[in-house]
Amino acid sequence: MTAPILLEHEAEEIRGIPGRLPEGERLLWQGAPAWWPLALRAYRVRALAIYFTALAALGFIAGLRDGLSATDAVYGLVPLILLAFTALGTVTLLAWLSARATVYSVTTRRVVIQGGAALPVSVNLPFSAVASAQVKLHGDGTGDIALGLAAPHRVSYLLMWPHVRPWRFSVPEPSLRTIRAPAEVAQLLSRALAAAAGMPTPAQPALDVAGQGARHPEPAVA
């Protein structure tokens, strides 16, 4: 069973949330990915740059071994350098567009992930489908919050990317990627999940020993 997916055809009362909020539901938080951390972690711009750098170094060394001067060896790398800048520029632009088109919303009843630069698609994740929430903090001050879904709820990894936890292909976890102030958002989400499940509201999310994750106790699933 997949989480409900809604194509955006109607006007939004609140950007990022399809239609109108039902009576009794309140918006608690909205945010979006920080575009450069998203480019680094989801679109792998750093890895792509390292790849082209390694190719250029190997090409330069090969040119010297073939008897070329250092200048000629560098000139021989011009096509590769142009390809590298084109590829890096394209991927970086895609990351920027993705971040700009994305809106993450947390209400008193659900998490909504809206993405898609050309055709906005909203994925509603009601709290009744959320079994856990785990936050991963990055050194640049951003972080990811991954939502573990209770069976039989599932989402498509390909459809949700890049808004999924990396490398979780068999059991995809929708994620709020590279958001700012992730600890504060995790605390807010933890309290909202607890309130929706009728459990005592935690003062703060429980961090693991390494301080890299936070997990909310599993709420009752309707």
Side-chain angles (χ1 to χ4, degrees), residues 8 15-16 30-104 113-121 123 134-147 155-186 208 210-214:
E8 295 297 306
R15 180 175 180 263
Q30 277 193 322
W35 79 269
W36 181 241
L38 185 70
L40 293 177
R41 295 188 173 87
Y43 287 81
R44 307 294 178 181
V45 169
R46 182 188 288 116
L48 188 61
I50 293 173
Y51 170 76
F52 279 113
T53 300
L55 286 182
L58 291 175
F60 180 76
I61 293 172
L64 294 180
R65 287 181 175 177
D66 289 340
L68 297 178
S69 67
T71 301
D72 289 338
V74 171
Y75 279 141
L77 295 175
V78 169
L80 176 62
I81 293 172
L82 293 176
L83 175 62
F85 275 104
T86 301
L88 289 169
T90 300
V91 174
T92 301
L93 177 61
L94 289 174
W96 180 79
L97 290 173
S98 177
R100 184 178 176 85
T102 298
V103 181
Y104 299 137
I113 298 177
Q114 183 187 84
L119 180 62
V121 176
V123 177
Q134 186 172 2
V135 59
K136 181 176 182 181
L137 306 178
H138 303 306
D140 56 10
T142 65
D144 302 338
I145 299 179
L147 304 176
V155 295
S156 166
Y157 190 96
L158 291 178
L159 182 64
M160 291 294 299
W161 190 88
H163 314 294
V164 284
R165 188 174 180 178
W167 314 116
R168 296 297 179 98
F169 301 112
S170 59
V171 185
E173 298 182 6
S175 299
L176 313 183
R177 298 294 304 273
T178 63
I179 59 173
R180 298 177 178 85
E184 289 80 356
V185 178
D208 64 15
Q212 294 297 309

- Would you say the side-chain atoms of S175 pair up with the backbone N or O of R165, donor to acceptor, closer than 3.5 Å?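 Looks like yes, one N/O pair under 3.5 Å.
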- Of all heavy-atom pairs between G16 and Q30, which one has the smallest distance, and what is that distance? CA-NE2, 4.3 Å
- Return the minimal non-hydrogen interatomic distance between R41 and G139, and the atom names on each side.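 In terms of heavy atoms, the two residues are closest at NH2-N, 4.5 Å.
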- Does R168 have any side chain to side chain donor-acceptor pair (under 3.5 Å) partners at least two apart in sequence or in another chain, and if so, which? E173
- Query: So among K136, R180, R177, which one has a salt bridge (Lys or Arg N to Asp or Glu O under 4.0 Å) with D144?
  - Reply: R177
- Donor-acceptor under 3.5 Å (T90 side chain, T86 main chain): yes
- Trace of the ring pair (Phe, Tyr, Trp, His ring centres under 6.0 Å) decision for Y43 with W36: CA-CA 10 Å; Y43 287 81; W36 181 241; over 10 Å; no
For residues 52-73, tabulate all N or O donor-acceptor pairs below 3.5 Å that involve a side-chain atom, not counting sequence neighbours.
| unit_1 | atom_1 | unit_2 | atom_2 | d |
| --- | --- | --- | --- | --- |
| T53 | OG1 | A49 | O | 2.8 |
| S69 | OG | D72 | N | 3.2 |
| S69 | OG | D72 | OD2 | 3.2 |

- Over all atoms of both residues, closest heavy-atom pair of P166 and R44: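 Smallest heavy-atom distance, with atoms named: CB-NH2, 4.3 Å.
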- Query: Side chains of L88 and F85: closer than 4.5 Å at any heavy-atom pair?
  - Reply: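 Not in contact.
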- Would a 4.5 Å heavy-atom cut-off, applied to side chains only, mark S98 and L38 as touching? yes
- Mind telling me whether F169 and Y157 have parallel, tilted or perpendicular rings, with 30° and 60° as the class edges?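 If you compare the ring of Y157 with that of F169, the planes turn out tilted.
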- Query: Which pair of non-hydrogen atoms, one from Y104 and one from P33, has the smallest distance, and what is that distance?
  - Reply: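 For Y104 and P33, the tightest heavy-atom pair comes out as OH-CG, 3.5 Å.
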- CG-CH2 distance between L93 and W35, expressed to the nearest 0.5 angstrom: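 If I round to the nearest 0.5 Å, the distance is 9.5 Å.
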- Message: For I113 versus P174, what's the shortest heavy-atom pair and its separation?
- Response: CD1-CB, 4.1 Å
- Message: Please give me the minimum heavy-atom distance between P182 and I145, naming the atom from each residue.
- Response: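 Result for this residue pair: O-CD1, 3.9 Å.
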